Amino acid sequence: MEISSDLIEKLKSANSILFFTGAGISAESGIDTFRGKGGLWNKMSAQELASFDGFMKNPNLVWEWYQYRRKIVRETEPNAGHKIIAAFEKHFDEVTVVTQNVDNLHKRAGSSNILELHGNIERNFCMNCKTFYGVEKFIETEEVPKCEKCDGLIRPDVVWFGEMLPQEIFAKAERKAADSDICFIVGTSAVVYPAAYIPISAKEAGATLVEINIESTEITNQVDYSIIGKAGEILPRIFELLSTYVLVLHTLSLF
Ligand code: BJW
Ligand code: ZN
């Protein structure tokens, strides 16, 4: 794992950091990614399980799949990658996490500024009257529940293919990207749009792009630094290099 000293220098003078994350950051917690080796979309149909039409065709199947994934998420913990991203808040004025993940692990790891582009698996809402329901209410419910106010179908609050992303959150993510000095792209194949525009917006506004992934991706040829390796190993190493510098500064200021 090669982390250039040049990158650490850039980090030292940065104020605003943006992390754009995907399923790969949660892989080391034991949550499957969507694409690549062992990816969910290799064995399951995205059309059937992650689209409005798929849900309307077989709501119980889709509900069952989300209940299964919720159980997995509940049984997992944030890993070193999520925790170090949260710890970056100690060193920088502004740290924003723009995540495509729905697993809530950034929040559980302690990050404060999280923009969820594809929703959150821990929420549901009624498709008819838009009443929101927490995940706890239906924890043991095997068949798709109905709204207690209007009898409408209840669905997970996630963004399926062909659906709009939450517009205010996406607009805020674009603003934060444009304001960032350094944008880390962590554990995403960067093929799903419009989410994948976020690092592009950052670059267009002058940010340095740093990719951390176990393999190269669609965006690798556009980044300034590509670090091949696991997020849960690379991020702590970067943080360690940075913290050593901060410690030296602090020690010097004592004299
Ligand atoms: C590690 C690691 C470790 C592993 N350390 N790394 C053609 C061109 C452009 C766009 C389109 C197109 N055809 C259709 C579209 C649009 C479509 C799209 O982008 N499709 C592409 C796939 C082709 N987009 C949409 O439909 C979006 N909506 C939209 O466009 O609306 C338009 C509209 C306009 C007006 C009116 C109405 C609509 C919506 C996209 C929603 C995506 N939803 C999902 C499911 C969410 C819910 C759920 O979880 O169930 O979001 S799909 C899935 O993909 C999920 C993810 O957030 C998203 C991105 O995946 P991610 O995170 O990148 O994961 P992977 O698996 O792809 O990659 C993991 C990476 O980690 C890999 O690179 C590994 O190497 C790496 N890794 N272990 C570091 N330890
Ligand atoms: Zn309702």
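In this text the structure is predicted, and so the values were computed from the model without any measurement. Each ligand, and each atom within it, is numbered from 1 in the order the structure gives.
- Here the side chain of S45 pairs a donor or acceptor atom with the backbone of E48 at under 3.5 angstrom.
- Applying the ring pair (Phe, Tyr, Trp, His ring centres under 6.0 Å) rule to pairs touching residues 187-224 yields Y193-Y197, sequence neighbours excluded.
- For the pair L49 and W160, the tightest heavy-atom approach, listed with the atom from each and the gap, is O-NE1, 3.8 Å.
- Judged by a 6.0 Å distance limit and a 45° cone about the ring axis, R70 is positioned over the six-membered ring of W63.
- Note on ring orientation: taking the six-membered ring where Trp is involved, the planes of F19 and F88 are perpendicular (angle over 60°, cut-offs 30° and 60°).
- Considering only residues two or more places apart in sequence or on other chains, S29 meets the side-chain contact (heavy atoms from CB on, under 4.5 Å) condition with T76, N79, H82, L105.
- Under a hydrophobic clustering in which Ile, Leu, Val, Met, Phe, Trp and Tyr are joined whenever their side-chain heavy atoms come within less than 4.5 Å, directly or via other members, V95 and I198 fall into different clusters.
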List below, pair by pair, the N or O atoms of ligand 1 and of the protein that are less than 3.5 Å apart, including the distance to 0.1 Å; reply 'none' if no pair qualifies.
residue  : atom   : partner : partner atom : Å
ligand 1 : 5 (N)  : A231    : N            : 2.9
ligand 1 : 19 (O) : Y193    : N            : 2.8
ligand 1 : 19 (O) : Y193    : O            : 3.3
ligand 1 : 24 (N) : Y193    : O            : 2.9
ligand 1 : 26 (O) : G162    : N            : 2.7
ligand 1 : 28 (N) : E163    : O            : 2.8
ligand 1 : 31 (O) : E163    : O            : 3.1
ligand 1 : 43 (N) : V159    : O            : 2.9
ligand 1 : 49 (O) : R69     : NH2          : 2.7
ligand 1 : 50 (O) : Y66     : OH           : 2.5
ligand 1 : 50 (O) : R69     : NH1          : 2.6
ligand 1 : 50 (O) : R69     : NH2          : 3.4
ligand 1 : 51 (O) : H118    : ND1          : 3.2
ligand 1 : 54 (O) : R35     : NH1          : 3.2
ligand 1 : 54 (O) : R35     : NH2          : 3.2
ligand 1 : 57 (O) : Q100    : O            : 2.9
ligand 1 : 57 (O) : H118    : ND1          : 2.8
ligand 1 : 60 (O) : R35     : NH1          : 3.0
ligand 1 : 62 (O) : A23     : N            : 2.8
ligand 1 : 63 (O) : T188    : OG1          : 2.6
ligand 1 : 63 (O) : S189    : N            : 3.0
ligand 1 : 63 (O) : S189    : OG           : 3.3
ligand 1 : 66 (O) : F34     : N            : 2.7
ligand 1 : 66 (O) : R35     : N            : 2.7
ligand 1 : 67 (O) : R35     : NH1          : 2.6
ligand 1 : 67 (O) : S189    : OG           : 2.5
ligand 1 : 68 (O) : S189    : N            : 3.3
ligand 1 : 71 (O) : G187    : O            : 3.2
ligand 1 : 73 (O) : N213    : OD1          : 3.4
ligand 1 : 73 (O) : N213    : ND2          : 3.0
ligand 1 : 75 (O) : N213    : OD1          : 2.7
ligand 1 : 80 (N) : E28     : OE2          : 2.8

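- Residue K130 places its NZ atom among more than 12 non-hydrogen atoms of other residues, nucleotides or ligands, all under 6.0 Å distant.
- The closest side-chain donor-acceptor pair between E89 and S112 falls under 3.5 angstrom.
- Only protein N, O or S atoms were considered, and those under 2.8 Å from the Zn ion (ligand 2) are C126 SG, C129 SG, C147 SG, C150 SG.
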